[in-house]
Trainee: 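Quick one: the structure is below, questions incoming.
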Amino acid sequence: MIIPVSKQGTKADGSKYSYNQTEMCDLIVNEDTWDVTLGSERRLLINNNNYENPPTGLAEEGV
């Protein structure tokens, strides 16, 4: 599964930060209940924070 990861917050010094990247992880299906969860092991595909002016929607790419 390819997922966008985005987080915004405030640092201890009061300054704001934004964290955007695209990751890949396993999709785990419980065959008894058909519950679906994302695996905890993730692999970084795109670090959108490395782009000076990332295109709109870059963090949401992937299916």
Trainee: Taking the side chain as every heavy atom from C-beta outward, state whether Asn20 and Pro4 have any pair of such atoms under 4.5 Å apart.
Mentor: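 Contact flag for Asn20/Pro4 side chains = no.
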
Trainee: Under the rule for side-chain hydrogen bond (donor to acceptor under 3.5 Å, both in side chains), what residues qualify as partners of Asp13, not counting sequence neighbours?
Mentor: Ser15

Trainee: For residues 23-47, which residue pairs qualify under salt bridge (charged side-chain N to carboxylate O under 4.0 Å, His left out), counting only residues two or more places apart or in two chains?
Mentor: Glu23-Arg42

Trainee: Please determine whether residues Ile2 and Leu44 belong to a single hydrophobic cluster, defined as Ile, Leu, Val, Met, Phe, Trp and Tyr linked transitively by side-chain heavy-atom distances below 4.5 Å.
Mentor: no

Trainee: Please name the pair of heavy atoms, one in Ile28 and one in Gly39, separated by the smallest distance, quoted to 0.1 Å.
Mentor: CD1-CA, 3.7 Å

Trainee: Going through the distances and angles, do Leu27 and Leu38 end up as a side-chain contact (heavy atoms from CB on, under 4.5 Å)?
Mentor: CA-CA 5 Å; Leu27 188 64; Leu38 297 177; 3.9 Å; yes

